[in-house]
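What follows is a set of notes on a single structure, which appears directly below.
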Amino acid sequence: MAVQSRRYHYEQQRAPIYEALERFRQMRVVPFDVPGHKRGRGNPELTAFLGEKCVGVDVNSMKPLDNLCHPVSVIREAEDLAADAFGAEHAFLMVGGTTSAVQSMVLTACKQGDEIILPRNVHRSVINALVLCGAVPVYVNPEVDQRLGISLGMSRDQVQRAIREHPKAVAVLVNNPTYYGICSDLRAIVRMAHEAGMLCLADEAHGTHFYFGGGLPVSAMAAGADMAAVSMHKSGGSLTQSSFLLTGPGVHAGYVRQIINLTQTTSGSYLLMSSLDISRRNLALRGRQVFHQVADMAEYAREEINAIGGYYAFGKELINGNSIFDFDTTKLSVHTLDIGLAGIEVYDILRDEYDIQIEFGDIGNILAYLSMGDRPQELERLVSALAEIRRRYQTDGAGLLSQEYIDPDVVITPQEAFYADKESLPLRKTEGRVCSEFVMCYPPGIPILAPGERITGDILDYIEYAKGKGCSMTGPEDPEINYLNVVK
């Protein structure tokens, strides 16, 4: 596959799926296949909403357009181009979001009973994969920045200790970066994993731009990781729900394809696939320049926000060479507690009163997600709104919680807990019991509770506090989260 990737090295201006769809459009084929809207004619309201060009290429797999489950022509060529652009041995087009890429990565590495070393501040998709395959998590509880209340990366000694104490673990999984932009020492972790005969997997949902930006943290493939889940629709510019799964030379691509096909749709969306194809081309040709500009905008915004007073837009000054080995300077993360407001409160005010939609707000911080479509004048609007919010709403902050992360007490595996006999109890009656479902704020989608973990008073306090502040809580069977399912 490495030879095939190099074959396309000078053809990154190509977009094979997009080109095939354009040829198909010109053929004026009469459709006696699915989808049933028949190029939009059968659903005029949908066509009016999305446009004729869009629904006209919402088509089914056919010989000229290849098949996502078993690509042999234009999709295969698009994958080879993506592998070359990202420096991977192989790349898989994923149309189930980075969730499906992360789950395929874990399911490739792990079978029932296998141990996998990972930080506890992972996205729920990682733990979902453990529910599916029956692997056993070995959590490396991250350090916490006491001022910001956020979890950090995995330190080298924590990973080394976990490897030493669990020598039969099959893989180490790393966030590269965290939602807040914090990176672990990925090269060192890859080296430690490989020396122990383990795979190294990277959740790069928020690190697509690492492959195309100068001065940014190292990408998983450049660091020698075996697999990486890359969320192209976040910072890469593709349509929502489209991602790449990248693999290195030590991973059997044919087996990965079989794993992907266990859960991914057999009716891959050509809207999503062509968006991956076109966006990969855009990044390969213009990404370095684009993300240099994004990083510069984020740095300017940090300086302006910090000049307001009360807020703390944090950046590279946090780097300590270990648990914060590097920082993604495109991330505009802002600590808000010093103006007496929780992050989610600032998030709500920005949306409701200033028509500014940021990525998320949690207990103590907000994140404004900057990428290729942002402009300086919009950043100025954000900075001005934050200054006005401080002037209008600042309080002394009495009674605010700051801690975003609580160490879990893992009692049984996620799979055992999820499928166990369970009962539903009022929230406060669950203390001391073992949870059998997820509870999280979304975004970021990092579980407060996961199946198999003991419910403590601190966790219940946090859930009630987050609910009261207006965090978007998801996961439990009870949508109001007044009840939780626990293991009988």
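Scope of the values below: all heavy atoms of this structure, side chains included, with no hydrogens, waters or symmetry mates. Fair warning: this is a prediction, and the values are worked out from it, not measured in the lab.
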Problem set entry | Within-4.5 Å side-chain heavy-atom neighbours: Lys111 and Val170 | no
Exercise. So, Ser219 side chain and Tyr211 main chain: donor-acceptor pair closer than 3.5 Å or not?
Worked result: no
For this session: Would you indicate whether the side-chain heavy atoms of Leu93 and Leu68 approach each other to under 4.5 Å?
Result: yes
Problem set entry | Min side-chain heavy-atom separation Cys133-Gln112 under 4.5 Å | no
For this session: Go through the steps to decide whether Ile127 and Val122 satisfy the test side-chain contact (heavy atoms from CB on, under 4.5 Å), and finish with yes or no.
Result: CA-CA 8 Å; Ile127 304 176; Val122 291; 4.0 Å; yes
Problem set entry | Residues that His123 engages under side chain to side chain donor-acceptor pair (under 3.5 Å), provided they are two or more places apart | Ser125
Seminar exercise, completed: Taken to the nearest 0.5 Å, the spacing of Glu79 CD from His90 NE2 works out to 4.0 Å
Exercise. Are the side chain of His252 and the backbone of Tyr255 linked by a donor-acceptor contact shorter than 3.5 Å?
Worked result: yes
Exercise. Of all residues at least two apart in sequence or in a different chain, which pass the side chain to side chain donor-acceptor pair (under 3.5 Å) check with Thr98?
Worked result: Ser231, Ser243
For this session: Go through the steps to decide whether Val74 and Asp277 satisfy the test side-chain contact (heavy atoms from CB on, under 4.5 Å), and finish with yes or no.
Result: CA-CA 10 Å; Val74 294; Asp277 202 20; over 6 Å; no
Exercise. What are the two closest non-hydrogen atoms of Leu245 and Met94, and how far apart are they?
Worked result: N-CG, 3.8 Å
Problem set entry | Exceeds 12 heavy-atom contacts within 6.0 angstrom, atom CZ of Phe212 | yes
Seminar exercise, completed: Residues at least two apart in sequence or cross-chain that pass side chain to side chain donor-acceptor pair (under 3.5 Å) with His292, listed by chain then number, are Asp296
Seminar exercise, completed: Residues Pro16 and Ala78: closest non-hydrogen pair is CG-N, 3.9 Å
Exercise. Heavy-atom distance under 4.5 Å between the side chains of Asn282 and Val290, does that happen here?
Worked result: no
For this session: Quick one: pull up CD in Glu143 and CD in Gln158 and give me the separation to the nearest 0.5 Å.
Result: 5.5 Å
Problem set entry | Flag, side chain of Glu89 to backbone of Gly250, donor-acceptor distance under 3.5 Å | no
For this session: Tell me yes or no: between the side chains of Tyr300 and Glu380, is some donor less than 3.5 Å from an acceptor?
Result: yes
For this session: Applying side chain to side chain contact (heavy atoms under 4.5 Å, CB included) between Met154 and each of Asn121, Asn141, Val159, report the one that passes.
Result: Val159
Seminar exercise, completed: When rounded to the nearest 0.5 Å, the distance separating CG of Asn365 from CZ of Phe360 is 7.0 Å
Exercise. Is Lys168 reaching over with its side chain to a backbone N or O of Glu115, donor-acceptor style, under 3.5 angstrom?
Worked result: no
For this session: Check step by step if side-chain contact (heavy atoms from CB on, under 4.5 Å) holds for Val172 and Ile163.
Result: CA-CA 9 Å; Val172 179; Ile163 289 174; 4.3 Å; yes
For this session: Would you name the heavy atoms of Cys69 and Thr266 that are closest together and state the gap between them?
Result: SG-CA, 3.7 Å
Exercise. Can you tell me if OH on Tyr18 sees more than 12 non-hydrogen neighbours from other groups inside 6.0 Å?
Worked result: no
Exercise. Is there a donor-acceptor pair closer than 3.5 Å between any side-chain N or O of Thr247 and the backbone N or O of Ala253?
Worked result: no
Exercise. Distance from Thr178 atom OG1 to Leu152 atom CG, nearest 0.5 Å?
Worked result: 8.0 Å
Exercise. Are Tyr139 and Leu118 side-chain neighbours, meaning at least one heavy-atom pair lies under 4.5 Å?
Worked result: yes
Problem set entry | side chain to side chain donor-acceptor pair (under 3.5 Å) against Thr99, all qualifying residues, sequence neighbours excluded | none
Problem set entry | Short side-chain donor-acceptor distance under 3.5 Å, His70 and Asn261 | no
Problem set entry | Derivation of the ring-ring contact (aromatic ring centres under 6.0 Å, His included) call for Tyr179 and Tyr369 | CA-CA 10 Å; Tyr179 222 139; Tyr369 209 103; 7.2 Å; no
For this session: Provide the closest heavy-atom pair for Asp66 versus Tyr270 in the form atom of the first, atom of the second, distance.
Result: O-OH, 2.7 Å
For this session: Measure from the side-chain N and O atoms of Asn322 to the backbone N and O of Arg156, and report whether any donor-acceptor pair falls under 3.5 Å.
Result: yes
Exercise. Please walk me through it: do Met440 and Leu449 pass side-chain contact (heavy atoms from CB on, under 4.5 Å)?
Worked result: CA-CA 7 Å; Met440 73 206 78; Leu449 275 171; over 6 Å; no
Exercise. Rounded to the nearest 0.5 Å, what separation is found between the CD atom of Gln12 and the CG atom of Leu81?
Worked result: 5.0 Å
Problem set entry | Heavy-atom neighbours of Glu45 CD exceed 12 at 6.0 Å | no
Problem set entry | Electrostatic pair Arg120:Glu453 at N-O distance under 4.0 angstrom | yes
For this session: Could you pull out the closest heavy-atom pair between Thr329 and Arg302, with the gap in Å?
Result: O-NH2, 2.6 Å
Problem set entry | Arg280 (side chain) donor-acceptor with Phe86 (main chain) under 3.5 angstrom | no
Exercise. Is a salt bridge present between Glu22 and Arg25, judged by a nitrogen-to-oxygen distance below 4.0 Å?
Worked result: yes
For this session: Flag the pair His209 / Asp328 as yes when at least one side-chain heavy-atom distance between them is below 4.5 Å, and no otherwise.
Result: yes
Less than 3.5 Å apart, which donor and acceptor atoms pair up between the side chains of residues 49-59 and the rest of the protein, not counting sequence neighbours?
unit_1, atom_1, unit_2, atom_2, d
Asp58, OD2, His37, NE2, 2.8

For this session: Measure from the side-chain N and O atoms of Ser274 to the backbone N and O of Leu271, and report whether any donor-acceptor pair falls under 3.5 Å.
Result: yes
Exercise. Which pair of heavy atoms, one from Gly181 and one from Lys331, lies closest together, and at what distance?
Worked result: CA-CG, 3.7 Å
Exercise. Is it true that a side-chain atom of Asn175 and a backbone atom of Pro177 form a donor plus acceptor pair closer than 3.5 Å?
Worked result: no
Seminar exercise, completed: OG1 (Thr330) and CG (Leu370) are apart, to the nearest 0.5 Å, by 7.5 Å
Atom pairs and distances, donor-acceptor, side-chain atoms in residues 188-203, under 3.5 Å, two or more places apart:
unit_1, atom_1, unit_2, atom_2, d
His194, NE2, Asp226, OD1, 3.4
His194, NE2, Asp226, OD2, 2.8
Asp203, OD1, Ala205, N, 3.1

For this session: Would you indicate whether the side-chain heavy atoms of Lys234 and Ser371 approach each other to under 4.5 Å?
Result: no
Exercise. Sub-3.5 Å donor-acceptor pair from the side chain of Arg351 to the main-chain atoms of Gln357, do we have one?
Worked result: no
Exercise. Does Glu378 reach the side chain of Leu382, with side-chain heavy atoms less than 4.5 Å apart?
Worked result: no
For this session: Tell me whether the centres of the aromatic rings in Phe418 and Phe438 are closer together than 6.0 Å.
Result: no
